Amino acid sequence: MLDLHQVGKTYRVGAFGGERLHAVRGVDLAVGRGEVVSLIGESGSGKSTIGKMVLRLIAPSAGTITFDGADVAAVRGHRASKEYYRRVQGVFQDPFSCFNPVFAADRVLQLVRAEYFPGTPEADWRAKVEEALTTVRLDPAQVLGKYPHQLSGGQLQRLLIARALLLDIRMLVADEIISMLDASTRIDVLNLLGDLKARGLGILFITHDLSLGNYISDTAVILRRGRVVEKGPTGEVFAAPAHPYTRRLLSSVPQLHTTWEQADEALRADGERECPGCAEGGEPGAHGLVETAPGHHVGCFATED
Ligand SMILES: Nc1ncnc2c1ncn2[C@@H]1O[C@H](COP(=O)(O)OP(=O)(O)OP(=O)(O)O)[C@@H](O)[C@H]1O
C-alpha cells in the first residue's frame, strides 16, 4: 500500500535560508493493509516530517513515496488531491488545535459532506455519521451538538478519527495522537486503532514513546537524526535490538527487573560489538541497512557518535 523509497527532506534554515538541515535521509519503509508500523524516535529525529510528506503537506527533497504503486508526487490539482485524501488521512497530537472553536461537532462533519458527498440525502448522511461515531465508540447523541471546549481530549481525538473514517480511508497517519491524553483514554484510543487495523486499515503510528510502539505495532522503525537505524518485526526489535542506538533507547526506559547498574553494564559490553554491515565489508558510515534476521534490518553503527 504505502511505500517510501530513499526518501529525504532538507529544510532551508538560518538567516535567509542559507543553511540546510537534513531532517530525513534515505528512508525506506512500507505499510501494508492491516499493518501498524510505528515510527519511533526522539524529538527532532524527523518523524513528523515523514508523516507530513506522506500527507503531502510538504514535498520530499529526495526519493519517492507511492500509494498503491502510484507516485504521490504526481498527485496534483484539486480532484486528484481529493481522491488521495479520501484514502489517506492524518490525525495529530493536539486535537484541540484541529477544531474551529465556534463549530459544533456536526458542523465539522458537515464540511466533509460538502466536500466529498454533496449529493448524499440527509437520512443516508446521518446513518453514515452514526456508523463512524459508533466505530470510534462515541455516542452521536452526546457529541453532535457539542463545541470543542465541551468535549474531552480523548473525545476530540476520536471525533477526528471518525471524520477520517467517513471517507473510507485505507491509511491513517497517527502523529503522537496519544501524547496529550490521560492514561485511561490512551488505552481506549490504542484499542480503537487495533479495531481499525482489524478492519484492514494501514496505520503509520508516529511516537517518541517506545512502550506505545511496542504495544501497538507489527513493525517498528527506529529513527535517529533522520535516518532509519533499525527496523523489523516489533517483537524482534524490542527483544533483540541490534543497533547500539536502539539498545540505548531501550535501556533508558526503566524496567522493573533491571537495575541502573545492570543497564550500564550491558551498554558497556555493547561498545565491543561489531557492526554487521561493516563486518560484511561495507564502508563504515556509508553502507545501507543489512538484514540480520528475517525482516530485521540494522544500519551502520559508525553513524553512532
Ligand atoms: N519547517 C521547518 N523548517 C526548518 N526546519 C524544520 C521544519 N520542520 C522541522 N524542522 C526541523 O527538522 C528536524 C526534524 O523535525 P520533526 O518535527 O520532523 O521531528 P520529530 O521527530 O517529529 O520531533 P518531535 O517529536 O519533537 O515532533 C528538527 O531539527 C526540526 O527542527
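Both counts, for ligands and for their atoms, begin at 1 and track the order of listing. All values reported here derive from a predicted model rather than from experimental measurement.
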- [ ] Determine whether more than 12 heavy atoms belonging to other residues, nucleotides or ligands lie under 6.0 Å from atom OH of Y11.
- [x] yes
- [ ] Return the residue, atom name and 0.1 Å-rounded distance of the protein heavy atom closest to atom 19 (O) of ligand 1.
- [x] G46 N, 3.3 Å
Open item on the list: Consider side-chain hydrogen bond (donor to acceptor under 3.5 Å, both in side chains). Of H297, H296, H243, which one does E230 pass it with?
Closed with: H296
Task: Nearest option to atom 13 (C) of ligand 1, as decided by whichever heavy atom of G41, S43, G51, G44 sits closest - done: G44
Open item on the list: Determine whether any protein heavy atom is located less than 4.0 Å from atom 30 (C) of ligand 1.
Closed with: no
Task: Donor-acceptor pair between T234 and S217 side chains, under 3.5 angstrom - done: yes
Open item on the list: Give me the residue, atom name and distance of the protein heavy atom closest to atom 15 (O) of ligand 1.
Closed with: T49 OG1, 3.8 Å
Task: Atom CZ of R33: over 12 foreign heavy atoms under 6.0 Å - done: no
Open item on the list: Pairing donors with acceptors under 3.5 angstrom, does anything connect the side chains of Y215 and D209?
Closed with: no
- [ ] Can you sort out which atoms of ligand 1 are near V13, meaning under 4.0 Å from one of its heavy atoms?
- [x] 4 (C), 5 (N)
Task: Minimum-distance protein heavy atom relative to atom 25 (O) of ligand 1 - done: K47 NZ, 2.9 Å
Open item on the list: Using a 4.0 Å cut-off to any heavy atom of E42, which atoms of ligand 1 qualify?
Closed with: 21 (O)
- [ ] With heavy atoms only and a cut-off of under 4.0 Å, state how L21 meets ligand 1: side chain, backbone, both or neither.
- [x] side chain
Open item on the list: Salt bridge check, E122 against R126: does any charged N sit closer than 4.0 Å to a carboxylate O?
Closed with: yes
Task: Top protein contact for atom 6 (C) of ligand 1, by heavy-atom distance - done: Y11 CD1, 3.3 Å
Open item on the list: Would you say that L109 contacts L144 through its side chain, given a criterion of any heavy-atom pair below 4.5 Å between the two side chains?
Closed with: yes
- [ ] Please write down residue, atom name and distance for the protein heavy atom closest to atom 17 (O) of ligand 1.
- [x] S48 CB, 3.8 Å
